[in-house]
There are 4 protein chains.
Amino acid sequence: MVETTADSDLLDLRKGRPAAGQDPVKRAQIIEGARRVFIDKGFEAASMNDITREAGVSKGTIYVYFENKEELFEALIEEERGTIFKNMYEVLDHFDDLRKTLVKFGTVLSVKITSAKVIQAQRTVVGASDRIPELGARFYERGPKRGHDRVMAFLNEAVERGLLKIDDVDLAAYQFTELCLAGLFRQCIFSYRTKAPSQAEIEHIVTSGVDVFLKAYATEKFFAEEKALQSA
Amino acid sequence: MVETTADSDLLDLRKGRPAAGQDPVKRAQIIEGARRVFIDKGFEAASMNDITREAGVSKGTIYVYFENKEELFEALIEEERGTIFKNMYEVLDHFDDLRKTLVKFGTVLSVKITSAKVIQAQRTVVGASDRIPELGARFYERGPKRGHDRVMAFLNEAVERGLLKIDDVDLAAYQFTELCLAGLFRQCIFSYRTKAPSQAEIEHIVTSGVDVFLKAYATEKFFAEEKALQSA
Amino acid sequence: MVETTADSDLLDLRKGRPAAGQDPVKRAQIIEGARRVFIDKGFEAASMNDITREAGVSKGTIYVYFENKEELFEALIEEERGTIFKNMYEVLDHFDDLRKTLVKFGTVLSVKITSAKVIQAQRTVVGASDRIPELGARFYERGPKRGHDRVMAFLNEAVERGLLKIDDVDLAAYQFTELCLAGLFRQCIFSYRTKAPSQAEIEHIVTSGVDVFLKAYATEKFFAEEKALQSA
Amino acid sequence: MVETTADSDLLDLRKGRPAAGQDPVKRAQIIEGARRVFIDKGFEAASMNDITREAGVSKGTIYVYFENKEELFEALIEEERGTIFKNMYEVLDHFDDLRKTLVKFGTVLSVKITSAKVIQAQRTVVGASDRIPELGARFYERGPKRGHDRVMAFLNEAVERGLLKIDDVDLAAYQFTELCLAGLFRQCIFSYRTKAPSQAEIEHIVTSGVDVFLKAYATEKFFAEEKALQSA
DNA sequence: CATGAATGAGGCTTCATTCAT
DNA sequence: CATGAATGAAGCCTCATTCAT
């Protein structure tokens, strides 16, 4: 699925100047300025003047492209969400070695979610979720929730192949994700960790998480196949 | 452990008449007003006037007790943290039946962390963590982190008793906690869930989480004892 | 008398291609849009964007035809004045039965001046008269004042015919006009009346007004003739 | 009837500082600044900054005393109305010589309504009546309308005394007022006249107006008494 | 020439903080 | 000391006007 800026396909690329609020370059420029300011200061503390300065556009122009501060913020968050979760689930597309796939995906997930940029964006969303609850809900629904569905689909396939035995796949998918993040998310989002975990740390956590997950849900068949593979 | 207002030990009790900002009753009154307003509206949207009204104190008085809005907010968060995490770990104090204890503790933890009030408080902290990173760090360190240490201690005891076999107890403690929350925390904090999970749901999640945890870490001895107990 | 756009005689028609701001159709189009917006919202609250939209012309084009917002407004008011007072005095052109003529004219005058559209236009002019005093002055001079002159001329003729006896015809003309409006103008312009008076009400007022006027100024001759006419 | 600033009687004059938005001196100060600016520029063109400067109070203070710009404006207009129409009708209180009383009252009325200050205030009200129709309506109702009622009462008394014979006293009252203003109001409000009419001019108009009025409505009895009085 | 996107000064309003009472 | 009226900087947003296309 391709994540693009909303409406971008409506833009006519005829010669001449684009219509008001239609120039994708300028829109991107505004969003980029907004990103720097909003992500850095949060919704309330960010001022439209700051964004104006950072984006290098005039105040009036921003208001041609976005109705008001809140809408600009929401557009930014949508963008961020698109960027963050893009390409995150490709690993799950080709069913290969189960353990390896889980580790690989868990690592990608963990690295992404705990990267400095993404944490800051999530912090911004959380901070604004009180004033604009739908914002956080939409972010979660179109971001983490979709990822969760992909994980469920993947686990279901593994069940069908007789490699896993799971009563509640929905719950198991959550468990898997949490095992891969094991504390990192909360630490990061509360600024307890001020920088992203190292690759090594993440690998350690994910390997262990997958291990726990498989010990709980893998079938005899899975372990037999794995043993066979290793002795080969 | 005694939970007191931060800095309270810095207050000097020299002389007879209490110095400015020394009356603990008035202080509590201010904090209580601040709680209602800050938790409800978030840091930026809350106005000192709101707090004044809610606390029933004059503006000047607030400024005697707290340097400024930010400091008042920080003091409130300290208080909240104390309230939230108090009495949360008592279950772990008496080592009894392992599975039961884990389920009991996991339930308490999950209920607490996902309760509407606590989620809102955490959202407020997260939202402010960009502007005041130490705030979130301190919150995490004195709240969740301490809990984590208690869990570690508990797991270590179980290991010593030969009931669990764990390589990395620190990591296992995180895994346990996350298994008990399985997705709930993120769902709540992003306002995807707008109300706290039901008791039944939490029990389902915790039971399953403990199960996974024990399948991964429990020893033969543990299972044998458990079987014996059940057949008794 | 030819009512044209003010200044129209200043437009030079030199050369072949019409100079900037010369196309009278486009000019009318702009004025028409301006009318709808200015009359509806008043000078300050009307935005050039509104006018642009309403007139179906681009902003740049408006600024070719009119120096700025104020000048456009003044041009519009000139137009309005022309429209309002055109054909208002025809009744006075043919000297016929005095009382009937006065009633007929008074009615036309009263209906016109108190019609919703005209009241709104006058309100707009009055509201702008502080900022642009000449605007109101010109409006009055070329509108009501000219009407007043026509009334004076008519009264003079009646005096010459021996039907009226008037010391100060100028004053009498004002008195006549005011008697025909008897309170309506002030009520309308202050929005105390929110809709135009009914035909019946106006007729009642005008009939009475003319009666008062004639009792004060008509000669014996007039009354004798009138009596003769009635008994015939 | 005493016209005072709204709520002024609620002010407690206890020692110390007055409550927020309660200090009548400051309130008057703000209104005075608002008067200068609003009356001079009209509602829309006046800026709160102008008023701030003119009143010598800070912006915040204005907003303690008045909800917003519109409310401040309305308060000002109420004040103005009170000031304008105060003491205007005292002449009618003691029934004395009819013609003299009418002339005296007509003069007071005419002088007042056409004074520069009052005209400007009325212009401001008219200009704002499009945006805030109730404002103009209230102004008219509590100002000119009340005056009209007083005139009606006076005329009724004269009718009862057998000095006047009037079918429609309501209409006659309007006619009387208009005869006393004979064109002046419209001339002033449209800025055709840029300064108030002279005392002599007003006397001329009013004398003539009363003459017309009496010729139309006075009884034989009135003229007989008047004749008797003069020959005495 | 017409267009309308862009500008940025300036409008109304809020609110953390101060300080006279 | 407590109070809360006053301050004024700064926030969001509008709109007359310009000028590149």
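Proteins get letters first, then strands, A, B, ... in listed order; numbering begins at 1 in each.
Base-pair partner of F/dA16: E/dT7 (Watson-Crick or G-U wobble, both distances under 3.5 Å). Nucleotide E/dT21 has F/dA2 as its partner under the Watson-Crick or G-U criteria, with both atom distances under 3.5 Å.
The CZ atom of C/F73 sits 18 Å away from the C1' atom of F/dC15 (whole-angstrom rounding). Nucleotide E/dA16 holds its C1' atom 12 Å from the CG atom of B/D50, rounded to whole Å. Look at CE on A/M48: it is 19 Å from P on E/dT14, rounded to the nearest Å. Across the protein-nucleic acid pair, C/I30 atom CD1 and E/dA2 atom C1' stand 11 Å apart, rounded to whole Å. If you take CD1 of B/I51 and P of E/dC15, they are 12 Å apart, rounded to a whole angstrom. If you measure from atom CD of D/E71 to atom P of E/dT13, you get 10 Å, rounded to the nearest angstrom. Put simply, CZ on A/F66 is 16 Å from P on F/dC12, counting in whole angstrom units. The nearest whole Å value for the distance from the NZ atom in B/K41 to the C1' atom in E/dT14 is 12 Å.
Between D/G60 and A/N49, the residue anchored nearer the 5' end of DNA chain F, judged by the nucleotide with its closest heavy atom, is D/G60. If you find the closest nucleotide of DNA chain E to D/A46 and to C/V57, the one lying nearer the 5' end belongs to C/V57. Take the nearest nucleotide of DNA chain F for D/S58 and for B/G56: the residue whose nucleotide is more 5' is B/G56.
OP1 or OP2 of E/dT7 lies within a sub-4.0 Å distance of a side-chain N or O belonging to A/T61. Phosphate proximity of F/dA6 to D/K26: present, with a side-chain N or O under 4.0 Å from OP1 or OP2. In this model, the phosphate group of F/dA2 is not approached by any side-chain N or O of B/Y63 to a distance below 4.0 Å at OP1 or OP2. For F/dC12, one of the phosphate oxygens OP1 or OP2 lies less than 4.0 angstrom from a side-chain nitrogen or oxygen of A/K69.
Using a 4.0 Å heavy-atom cutoff across all strands shown, A/A45 reaches no nucleic acid atom at all.
Listed candidates were E/dT14, F/dG11, F/dC13. Nearest to the side chain of A/N68 is F/dC13. Taking every side-chain heavy atom of B/K59 into account, E/dT17 is the closest of E/dG8, E/dT17, F/dG11.
Comment: D/E78 engages D/R138 in a salt bridge, judged by a side-chain N to carboxylate O separation of less than 4.0 angstrom.
Note on ring orientation: taking the six-membered ring where Trp is involved, the planes of B/F38 and B/F43 are parallel (angle under 30°, cut-offs 30° and 60°).
Between the side chain of C/Y65 and the main chain of C/D23, a donor-acceptor pair closer than 3.5 Å is present. Of the possible polar contacts, one joining the B/R36 side chain to the B/E54 backbone as a donor-acceptor pair under 3.5 Å is found.
Heavy-atom neighbours of A/E71 CD from other residues, nucleotides or ligands within 6.0 Å: above the threshold of 12.
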